[in-house]
Amino acid sequence: MGVGRLIAALGLTLGSMAAPQMAGAVVGGRDGGPAAASTLMVLNARGGVCSGIVLSSRAILTAAHCADGGTDLRIHWKEGGSDEPVLIAPASVAIHPEFNGGAVANRRRSIDLVLLRVQVALPARFVPATLVDGDLPRSGSSVTLAGYGVTREGEARTTGTYRSAGLVTVEPYGPGRILIWAADSAGLGKKAGAGACQGDSGGPMTSADGGVVAVASWSTGPAGKSCGLLSQGVLVAPQRGWIDKTLSNWGESASWTTRR
């Protein structure tokens, strides 16, 4: 799909992106935040917007539902201060073998991760993120969620700015100890506050030192809403074997830090 058609598809579909099972942009947050230099956007031909985490000059980690169904993808950023979009098709796409696209509706286990490889190296201004391999976060520990999604739910025009929000872990493990749940410290998932919304899927959830502990994948909101209560992410530490093996097959590697 050409650039014009992809952008057109994006504009036509964004306004209807309110599926409660998929995380989106940071609402109730602030502009900027940790891992900004390690994060870009991932667009698909259905008009979907996701965030992506740079692991090396050619490899990006994001949420698998962004690529579900073999949809055409583009890695996206803006060059310097220009408004002209850069759109690069991935040369390779590796969806986690345990991803299940119907997991939310069917209440089944799913590891919502995908790795993308681009043929040409990303610009030098993108800095590979550091992934955290260590003990799982404890309930009450601080995490920062960030991404390029909407700043106000349902308002597609508010996508495209990197924003972040400080949250606390409210249930760190989930089924099979693969997930992390986080919420605004004031509401703790019971009252609306800051969190993920449309467009943040695939964005980083970082610890206090900026290391990526999880990849945003899902969000919930109060009645009739998709955002503002709970934000869910897939922990990266339990998936290190798959991440490292896939990257190695591509001649790439990720940076890890071990924390106990």
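This structure is a prediction, so every number in the text was calculated from the model and none was measured.
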I would like to know whether L116 and V42 meet side chain to side chain contact (heavy atoms under 4.5 Å, CB included); could you show each step before the answer?
CA-CA 10 Å; L116 311 175; V42 179; 4.1 Å; yes
Take the angle between the ring planes of H96 and W242 and call it parallel below 30°, perpendicular above 60°, tilted in between.
->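 The rings of H96 and W242 sit tilted, inter-plane angle from 30° to 60°.
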Full working for side chain to side chain contact (heavy atoms under 4.5 Å, CB included) between I111 and F99: CA-CA 5 Å; I111 301 176; F99 169 67; 5.7 Å; no
Heavy-atom side-chain contact between [X] and [Y] under 4.5 Å:
{"X": "T39", "Y": "P204", "result": "yes"}
{"X": "L55", "Y": "I53", "result": "yes"}
{"X": "P123", "Y": "W77", "result": "yes"}

_Using side chain to side chain contact (heavy atoms under 4.5 Å, CB included), reason through V49 and Q198 one step at a time and then give a plain yes or no._
CA-CA 8 Å; V49 178; Q198 290 90 20; over 6 Å; no
When rounded to the nearest 0.5 angstrom, what distance separates [atom1] in [X] from [atom2] in [Y]?
{"X": "S92", "Y": "L115", "atom1": "OG", "atom2": "CG", "result": "10.5 Å"}
{"X": "L247", "Y": "R58", "atom1": "CG", "atom2": "CZ", "result": "13.5 Å"}
{"X": "S38", "Y": "R125", "atom1": "OG", "atom2": "CZ", "result": "11.5 Å"}
{"X": "I178", "Y": "L235", "atom1": "CD1", "atom2": "CG", "result": "8.5 Å"}
{"X": "M205", "Y": "S164", "atom1": "CE", "atom2": "OG", "result": "12.5 Å"}
{"X": "I95", "Y": "T246", "atom1": "CD1", "atom2": "OG1", "result": "11.5 Å"}

| Looking only at side chains, do W256 and D244 share a donor and an acceptor under 3.5 Å apart? |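 Looking only at side-chain atoms, D244 and W256 do form a donor-acceptor pair, the distance falling under 3.5 Å.
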Specify the closest pair of heavy atoms between [X] and [Y], including all atoms of both residues, with the distance to one decimal.
{"X": "G147", "Y": "S51", "answer": "CA-OG, 3.5 Å"}
{"X": "C66", "Y": "T62", "answer": "SG-OG1, 4.0 Å"}
{"X": "V118", "Y": "S57", "answer": "CG2-O, 4.2 Å"}
{"X": "L131", "Y": "A254", "answer": "CD1-CB, 4.2 Å"}
{"X": "T169", "Y": "R138", "answer": "CB-O, 3.6 Å"}
{"X": "V114", "Y": "A63", "answer": "CG1-O, 3.4 Å"}

Counting only N and O atoms by type, is there a donor-acceptor contact under 3.5 Å from the side chain of [X] to the main-chain atoms of [Y]?
{"X": "Y162", "Y": "L40", "answer": "no"}
{"X": "S219", "Y": "C227", "answer": "no"}
{"X": "S231", "Y": "A196", "answer": "yes"}
{"X": "H76", "Y": "V86", "answer": "yes"}
{"X": "D112", "Y": "H65", "answer": "yes"}
{"X": "N44", "Y": "A67", "answer": "no"}
{"X": "T220", "Y": "L230", "answer": "yes"}

Exercise for the section: Kindly indicate, with the supporting measurements, whether the criterion side chain to side chain contact (heavy atoms under 4.5 Å, CB included) is fulfilled by V236 and V213. Expected result: CA-CA 6 Å; V236 296; V213 296; 5.5 Å; no
ask   = Only one of D133, L61, L113 forms a side-chain contact (heavy atoms from CB on, under 4.5 Å) with Q239, so which one is it?
value =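 Testing Q239 for a side-chain contact (heavy atoms from CB on, under 4.5 Å) against D133, L61, L113 leaves exactly one candidate, L113.
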